[in-house]
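All remarks here apply to the structure that follows.
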Amino acid sequence: MPYARTTDDTALYYEVHGEGEHTLLLLAGQSNSHHWWDCARPDFDAVFRTVVLDYRGIGRSGKPDTNSYSTRGFAADALAVLDHLGAGRVHVYGTSMGGRVAQWLAADHPERVRRLVLGCTSPGAPHGVERDDEVRRALAQPDARAARRALLELMYTPEWLATHPGPYNTIGERGTPGHVLRRHRRASADHDSWAALPAIAAPTLVVHGTDDRFNPTANAPLLAKRIPDARMELIEGARHAYFEEFRAVASPLVLDFLTV
């Protein structure tokens with residue numbers, strides 16, 4: 001199996017698809033594996049060499065029980081995969097927590113990022129817009145089946161859920177150890193890239209669904225205004241998993257931006 005090694009010797013599982021001239025790194029959401037991209041990734045494989053990975057703790061990657069989990073650290077891990085592959089400057093597309101990771105990658109390593117796409121993400125709690133209490137209560141309810149249904153309804157519209165019975169690759173990787181889930185939640189909650197965003201030099205596209213309550217849509221203009229010359233596109237009617245349910249709109253939008 002293909003693995004890269006981090007500076008603390010954690011094994012990171014990755015996959016490479018497509019044979020394009022340029023590389024596109026796709027970064028998934030919190031506690032999700034590379035399968036997060038299974039639906040949309042083929043749209044990009046035809047144009048790019050796409051790279052997907054399992055974050056530390058997730059899927060086939062190593063699962064250290066240490067204080068080594070942070071969005072900035074995940075960006076360093078992603079860079080270790082790119083270095084292992086000999087990939088120089090790449091396009092980066094991150095959604096949800098993956099968008100938070102992508103912010104650090106672009107801010108800390110501007111020489112490695114050609115173009116940047118930030119989907120359904122935020123700059124972090126200190127300056128971003130957090131989900132409301134109703135959403136928090138729905139996700140924290142003790143009935144696991146009800147909580148799972150609430151999460152699905154934050155990801156997809158009722159119409160999509162009625163015609164797509166699953167499996168769903170955007171609601172967490174099954175079998176993830178409890179210590180990893182806790183550390184991923186903390187990494188995402190502690191994210192704060194506000195001071196670093198003006199340093200992003202890559203042309204940037206910010207994408208968000210207009211009906212996203214999981215990561216509120218109001219975060220999109222915050223990012224677009226904070227990152228120099230960033231462009232914002234809102235997808236009407238989309239919830240958090242816009243890149244899957246609204247793939248016919250989202251993928252061409254991102255491809256047009258990346259292939260300018």
Side-chain angles (χ1 to χ4, degrees), residues 14-30 32-54 78 82 87 89-103 105-106 113-122 152 154-171 202-212 214-215 217 219-221 223-224 227 230-260:
Y14 68 88
E15 292 183 1
V16 179
H17 300 268
E19 298 180 354
E21 177 184 358
H22 297 301
T23 297
L24 170 63
L25 173 66
L26 298 170
L27 294 167
Q30 176 189 310
N32 282 273
S33 74
H34 67 281
H35 290 300
W36 172 278
W37 289 105
D38 282 358
C39 177
R41 198 205 67 244
D43 296 334
F44 303 103
D45 291 346
V47 180
F48 300 107
R49 179 176 75 149
T50 58
V51 177
V52 290
L53 60 90
D54 290 349
L82 295 177
R89 295 181 69 225
V90 304
H91 298 304
V92 179
Y93 182 10
T95 48
S96 199
M97 190 191 77
R100 299 180 181 207
V101 176
Q103 292 164 37
L105 193 55
V113 181
R114 291 179 180 273
R115 285 180 170 261
L116 175 67
V117 182
L118 303 176
C120 55
T121 192
S122 88
L152 284 171
L154 290 165
M155 289 285 180
Y156 307 99
T157 66
E159 295 78 15
W160 173 270
L161 291 172
T163 56
H164 294 77
Y168 305 102
N169 292 321
T170 57
I171 58 173
T204 301
L205 173 65
V206 177
V207 186
H208 221 112
T210 61
D211 295 357
D212 190 348
F214 187 74
N215 191 334
T217 308
N219 285 298
L223 289 168
I227 299 170
R231 166 184 154 198
M232 182 180 72
E233 295 286 349
L234 300 181
I235 299 178
E236 189 66 33
R239 298 188 180 185
H240 197 59
Y242 75 85
F243 51 91
E244 182 176 358
E245 180 176 355
F246 289 76
R247 172 184 175 186
V249 176
S251 289
L253 180 67
V254 173
L255 280 167
D256 285 348
F257 174 76
L258 295 178
T259 54
V260 170

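- Remark: side-chain polar atoms of H208 are paired, donor with acceptor, to backbone N or O of N215 under 3.5 angstrom.
- When all heavy atoms of G237 and T210 are compared, the closest pair comes out as N-OG1, 2.7 Å.
- Side chain of T163 to backbone of W160: a donor-acceptor contact under 3.5 angstrom is found.
- Residues I227 and L118 have side chains in contact (heavy-atom distance under 4.5 Å, counting atoms from C-beta outward).
- To the nearest 0.5 Å, the span separating CD on E15 from CG on L26 amounts to 11.5 Å.
- Side-chain contact between N219 and T121: absent, with no pair of heavy atoms (C-beta onward) separated by less than 4.5 Å.
- Interatomic distance, F44 CZ to H17 NE2, rounded to the nearest 0.5 Å: 13.5 Å.
- Here the shortest heavy-atom pairing between A106 and L116 reads CB-CD2, 3.7 Å.
- Between L258 and H91, the shortest heavy-atom distance links the atoms O-NE2, 3.6 Å.
- Judged by distance alone, the side chains of D45 and T50 do bring a donor and an acceptor atom under 3.5 Å apart.
- Checked by atom type and distance alone, the side chain of E233 never pairs as donor or acceptor with a backbone atom of L253 at under 3.5 Å.
- Inter-residue side-chain proximity for W36 and V52 is flagged as unmet; no heavy-atom pair is nearer than 4.5 Å.
- In this structure, the separation between CZ on R41 and NE2 on H34 is 8.0 Å, given to the nearest 0.5 Å.
- Taking all atoms of both residues into account, the shortest heavy-atom contact from P252 to R247 is CD-O, 3.5 Å.
- Remark: side-chain polar atoms of N32 are paired, donor with acceptor, to backbone N or O of Q30 under 3.5 angstrom.
- L25 contributes atom CG, which lies 10.5 Å from atom CZ of R49 (distance to the nearest 0.5 angstrom).
- For the residue pair T95 and C120, the shortest heavy atom distance occurs at CB-SG, 3.8 Å.
- Of the candidates W37, F243, F257, W37 is the only one forming a ring pair (Phe, Tyr, Trp, His ring centres under 6.0 Å) with Y93.
- Among V90, L255, T23, the single residue meeting the side-chain contact (heavy atoms from CB on, under 4.5 Å) criterion with F48 is L255.
- Formation of a donor-acceptor pair under 3.5 Å by the T170 side chain with backbone atoms of Y168 is not found in this model.
- Between L152 atom CG and H164 atom NE2 the span is 13.0 Å, to the nearest 0.5 Å.
- Two residues are said to be in side-chain contact when any heavy atoms from C-beta on lie closer than 4.5 Å; T204 and L223 fail this criterion.
- Rounding to the nearest 0.5 Å gives a distance of 10.5 Å between OG of S251 and CD of E244.
- The minimum heavy-atom distance linking R239 with L154 is given by the pair CB-O, 3.3 Å.
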